[in-house]
Amino acid sequence: MSAEAIRQVVNHALTGMGVEDADVRLEEPKDPTHGDLATNVALTLAKTLGRPPREIAEEIASRIGEEITSGGDTKDFGIESVSVAGPGFLNFKLSSAQVASELVEIIEADDNYGRSDEGQGEPIMVEFVSANPTGPLHLGHGRQGAIGDAIAGLLDWTGWSVSREYYYNDAGAQIERLAESVWSRYQQHFGQDAEIPEGGYHGEYVAEIAASLAEEHGDRFVGKQDGEALEVMREAAVRVLREEQDRDLSEFRIHFDVYFLESSLYEDGRVEATADALRETGKVYDLDGAVWLRTTEYGDQKDRVMIKGDGSPTYFLPDVAYHMDKWGRGFHHAINVQGADHHGTIARVQAGLQALGLPAGYPEYVLHQMVRVEQDGKEVKLSKRAGSLTTLRQLMTAVGVDVTRYFFQMRKADGHLVFDLGLALDQSDKNPVYKVQYAHARMCSIFKKAGLERSSIGTEGVDLDVLTTDGEREVIKALARFPDLVSNAARLRAPHLICDYLEQTAGAVNSWYHAGNPSRNPDLAVLVEDERLRNARLALARSVQIVLRNGLAILGILAPEQMARADED
RNA sequence: GCGCCCGUAGCUCAGCUGGAUAGAGCAACGGACUUCUAAUCCGUAGGUCGCAGGUUCGAGUCCUGCCGGGCGCGCCA
């Protein structure tokens, strides 16, 4: 790309001024009248050179200007002009041909455009959702799923070898409460008096599971809360709820590589082994009948109990065992996506792992805030009644998978998400998802009208330098920003940046497209008579289609070739 | 009380490792459009970036303190 070339040109000029290896940073000015690329080297060098920044900038500009007019190599870099502005910025304006040359790269790379190899194929695990199988997935799980899956997508696009993992907390106290809750409903089914236990589950699904057990087993567990009865209840409840969650996730287009069962850590003795390993570190002590780990030595706010007075482990111990297992499987990079309400657990888990020799800061956490659904500015109450919105399934059914995913991804994970139901249901391009999808579909429709297979549209023999209108330039520059943006979003674990980019780009595309409305400005349409223009614009349309599709792919959202209109009534 | 996160336009939010006049969408206001290329398009206005200091050529961005909101601080997960 031209940025590297300009960097060389600037460095060359600086060498002539006695400055070697300056750190020349180029960025795209926000204001297009400032040119296509700009650098602030003159400002950063002002101190070391002991000269005013503007003076330095002037000298650099005139040295580069001389090269351009003397017809040296610089001419080939596509620099049309250099100017000094503001406190000492150097602004470069590129030739149309130079700007448009990005289209060659886009079309050539096609569905790889935007990929990079920063991860160098190293394994990385993204753990997300990880809901307990104690009920249906709700909106918070949905947000976590959409964010986690998009982060995994970003890592994949930046060259990591990504594994998506789901950790089922299918052991421990919550599952016992679930089994007891089913047991109570089962008793009630047979007209017995039974209360849902403290901390139990009141959802309708519990009664449904109980009813199906009653059908299968008859009344043989009535009045009997023994090990066998609870085991049957537990097994049935977990199985049913897992199936339901899997079905929801699959419909939500989320697929995990590994489902890890907490219970397996108990079964093969790794919880016990982890406790032993921690004891050997000497950071463990007994107090009040419990076993504690000195997590404060690793920055936790207080020491934590790892084995309770009754001899059973707290959740903390299997958590440490689980992450030791991740590390042992070769995942030296791991990201856990979690609700912000669990942030208190991070320090202790990391401390436990550090005690066992893992590096500080392992694993990495991405926390997300809760979801609030609003319509017409008022909160939609998440009641349990039918037809209301409390589960992921209900929301997906109401507004569709693409809209649900996108809305969950479009805000940075930190900070609450206001899910505007009215906007989500809007099918015009006020709805950001449709805005982007429309832009994509419009490009496809152009190809169809031209009678061209989109893969046949290329840049060979096409004069891209005829793409000179402001609208065209703006779109091309937006497209060229995509690869850097993907790297950036991946590094920051921030899918919302992709959403933001897609909306901006789609906006530029839509207005470019609308400007060429045949009834207004037929000259600006893509499919004009002039073959040179038409081919160049087709290449641009094809590039737009590629970039939008790739961006949506990262987010796990469809890029439709045409929009299906939902019937009004 | 301690810890983490958040505070940017009326609303919902962007703002990459500090850079030029702080951006977008919705809402508002003003025009245009009558079947075309896809459920309209173009434009205008809108701001003490919570407050106060500090760091420096330069701060929405970094540091400190305060104010406001959320979450966490179990031998619950």
Side-chain angles (χ1 to χ4, degrees), chain A residues 25 27 29-31 33-34 38-40 43-44 46-47 52-53 85-89 91 132 134 169 172-175 177 199 262 287-292 299-302 304-316 318-319 339-347 367-370 374 377 410-420 422-423 426-432 434-435 437-439 441-446 449 481 484-485 487-489 491-492 494 496-497 499-501 503-504 507 510-511 513-520 522 525-527 562-563 565-566 568:
Chain A
R25 293 181 177 192
E27 59 178 27
K30 280 176 271 185
D31 183 343
T33 64
H34 291 140
T39 179
N40 63 348
L43 283 83
T44 57
K47 195 171 249 177
F89 288 96
N91 294 335
N132 298 343
T134 54
N169 294 102
Q174 290 196 52
I175 297 295
R177 294 298 91 72
E262 181 189 5
L287 181 70
D288 299 335
V291 182
W292 299 68
D300 199 3
Q301 278 200 274
K302 51 199 284 193
R304 305 295 170 177
V305 171
M306 47 186 261
I307 297 173
K308 299 185 239 178
D310 66 3
S312 65
T314 60
Y315 75 93
F316 161 62
D319 244 25
D341 53 339
H342 286 64
H343 76 256
T345 68
I346 294 173
L367 300 177
H368 67 91
Q369 296 284 355
M370 296 297 116
E374 279 187 6
M410 70 200 261
R411 303 298 180 215
K412 71 179 151 201
D414 257 323
H416 295 270
L417 173 73
V418 174
F419 195 108
D420 184 337
L423 186 61
D426 190 322
Q427 300 206 24
S428 78
D429 55 13
K430 274 183 202 168
N431 183 329
Y434 292 126
K435 177 178 176 176
Q437 290 185 326
Y438 272 121
R442 280 174 180 133
M443 299 305 110
C444 293
S445 126
I446 292 171
K449 181 158 186 186
R481 222 175 282 141
D484 274 354
L485 178 95
S487 307
N488 219 18
R491 204 161 27 79
L492 298 170
H496 74 278
L497 295 176
C499 297
D500 215 55
Y501 168 82
E503 279 174 62
Q504 302 287 337
N510 286 337
S511 83
Y513 173 85
H514 285 299
N517 187 318
S519 70
R520 298 198 185 102
V526 172
L527 302 178
Q562 57 181 42
M563 299 298 281
R565 179 177 188 147
E568 291 299 314

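Quick note: numbers below take in every heavy atom, side chains included, and nothing from hydrogens, waters or symmetry partners. First the proteins, then the strands, lettered A, B, ... as listed; each starts at 1.
Within 4.0 Å of Gln562(A), counting heavy atoms only, lies at least one base atom of the nucleic acid. Counting any heavy atom pair closer than 4.0 Å across all strands shown, Ile446(A) reaches no nucleic acid atom. Among the atoms of the strands shown, none is found under 4.0 Å from any heavy atom of Ile175(A). In this structure, Asn91(A) reaches the bases: a heavy-atom distance under 4.0 Å links it to at least one base atom across the strands shown. Using a 4.0 Å heavy-atom cutoff across all strands shown, Asn132(A) reaches sugar-phosphate atoms only and no base atom. Looking at heavy-atom distances under 4.0 Å, Ala494(A) makes no contact with the nucleic acid at all. Ala340(A) comes within contact range of the sugar-phosphate backbone alone, with a heavy-atom separation under 4.0 Å but no base atom that close. No engagement by Ala347(A) is indicated, since no non-hydrogen atom pair under 4.0 Å with the nucleic acid exists. No engagement by Ser312(A) is indicated, since no non-hydrogen atom pair under 4.0 Å with the nucleic acid exists.
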Give me, pair by pair, the N or O atoms of the protein and of nucleotides 6-12 of chain B that are less than 3.5 Å apart, along with how far apart they are.
unit_1	atom_1	unit_2	atom_2	d
rU12(B)	O2'	Arg411(A)	NH2	3.0

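Whole-Å rounding puts the Asp484(A) CG to rU17(B) C1' distance at 13 Å. Atom NE2 in His514(A) sits roughly 17 Å away from atom P in rC33(B) (whole-Å rounding). Rounded to whole angstrom, the span from the CG atom of Leu423(A) across to the C1' atom of rA27(B) amounts to 12 Å. Whole-Å rounding puts the Leu497(A) CG to rG25(B) C1' distance at 16 Å. Distance, Asp341(A) CG to rA77(B) P: 15 Å, rounded to whole Å. Between the CG atom of Asp319(A) and the C1' atom of rC75(B) there is a distance of 16 Å, given to the nearest Å. In this structure, CG of Asp300(A) is placed 10 Å from C1' of rC73(B), rounded to the nearest angstrom. For Glu27(A) and rA22(B), the CD to P distance is 15 Å, given to the nearest whole Å.
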* Using a 4.0 Å cut-off on protein heavy atoms (strictly under), produce a 5'-to-3' string for nucleotides 54-64 of chain B with B for base contact, S for backbone-only sugar-phosphate contact, and - for none. => --SS-------
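Atom-to-atom distance recorded for His416(A):NE2 and Gln369(A):CD is 4.5 Å, nearest 0.5 angstrom. Rounded to the nearest 0.5 angstrom, Asp484(A) CG and Glu27(A) CD are separated by 12.0 Å. Atom CD of Gln174(A) sits about 4.5 Å away from atom CG of Asn132(A), to the nearest 0.5 Å. Atom OG1 of Thr314(A) is separated from atom CZ of Arg304(A) by 10.0 Å, given to the nearest 0.5 angstrom. Separation of atoms CE (Met370(A)) and CG (Asp341(A)) is listed at 4.5 Å; rounding is to 0.5 Å. Note: Lys412(A) NZ to Leu417(A) CG = 13.0 Å, rounded to the nearest 0.5 Å.
Comparing the C1' positions of rC71(B) and rA59(B) gives a spacing of 29 Å, expressed to the nearest Å. Distance check on atom C1': rU44(B) versus rG68(B) gives 34 Å, rounded to whole Å. Only the C1' atoms considered, rA28(B) is 12 Å distant from rC11(B), to the nearest whole Å. When the P atom is used for both rA27(B) and rG18(B), the distance is 37 Å, rounded to whole Å. Using P as the reference atom, rG7(B) and rC49(B) are 14 Å apart when rounded to the nearest Å. rG19(B) and rC62(B) have their P atoms separated by 10 Å, given to the nearest Å. Spacing of P atoms, rU61(B) relative to rG50(B), comes out at 8 Å, to the nearest Å. Between the C1' atoms of rA32(B) and rC67(B), the separation comes to 48 Å (whole Å).
In this structure, Arg177(A) and Thr134(A) have side chains that are not in contact, with every pair of non-hydrogen atoms separated by 4.5 Å or more. Looking at heavy atoms from C-beta onward, Pro432(A) lies in side-chain contact with Leu423(A) at the 4.5 angstrom threshold. Contact annotation: the side chain of Thr345(A) approaches that of Tyr315(A) to within less than 4.5 Å [non-hydrogen atoms, C-beta and beyond].
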* How is the base pairing of RNA chain B summarised as a dot-bracket string, given the Watson-Crick and G-U wobble criteria with both distances under 3.5 Å, [ ] for crossing and | for another strand? -> (((((((..((((.....[...)))).(((((.......))))).....(((((..]....))))))))))))....
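Side-chain atoms of Asp426(A) come within 3.5 Å of backbone atoms of Ser428(A) as a donor-acceptor pair (strictly under, hydrogens ignored).
Across rG19(B), rA77(B), rG3(B), the shortest atom-to-atom separation from the side chain of Gln301(A) is found for rG3(B). Of the candidates rA38(B), rC73(B), rG15(B), rG15(B) carries the atom nearest the His496(A) side chain, counting heavy atoms from C-beta on. Taking the side chain of Leu492(A) as heavy atoms from C-beta on, and the options rG74(B), rC75(B), rC16(B), the nearest nucleotide is rC16(B). Taking the side chain of Lys308(A) as heavy atoms from C-beta on, and the options rG74(B), rA77(B), rC16(B), the nearest nucleotide is rA77(B). For Ala441(A), the listed nucleotide lying nearest its side chain is rA38(B); candidates were rA38(B), rG19(B), rG25(B).
Met563(A) and Ala441(A) get closest at one heavy-atom pair: CG-CB, 4.0 Å. Phe89(A) approaches Leu43(A) most closely through the heavy-atom pair N-CD1, 3.9 Å. The two residues Pro318(A) and Pro313(A) have their closest heavy-atom pair at CD-CB, 4.5 Å. The two residues Ala38(A) and Pro29(A) make their nearest non-hydrogen contact at CB-CG, 3.8 Å. Across all non-hydrogen atoms, the minimal contact from His343(A) to Leu367(A) is CB-CD1, 3.5 Å.
At rC71(B), none of the side-chain N or O atoms of His343(A) fall inside 4.0 Å of OP1 or OP2 (strictly under the cut-off). Here Lys430(A) reaches the OP1 or OP2 of rA27(B): one of its side-chain N or O atoms lies under 4.0 Å away.
Map His342(A) and Arg25(A) each onto its nearest nucleotide of RNA chain B; the residue landing nearer the 5' end is Arg25(A). Each of Asn169(A) and Ser428(A) has a nearest nucleotide on RNA chain B; the 5'-most of these lies closest to Ser428(A).
On a pure distance criterion of 3.5 Å, no polar donor-acceptor pair joins the side chain of Asn517(A) and the base of rA38(B).
Here Phe89(A) packs flat against the base of rA20(B); its ring centre is closer than 5.5 angstrom to the base's six-membered ring, tilted by less than 30 degrees.
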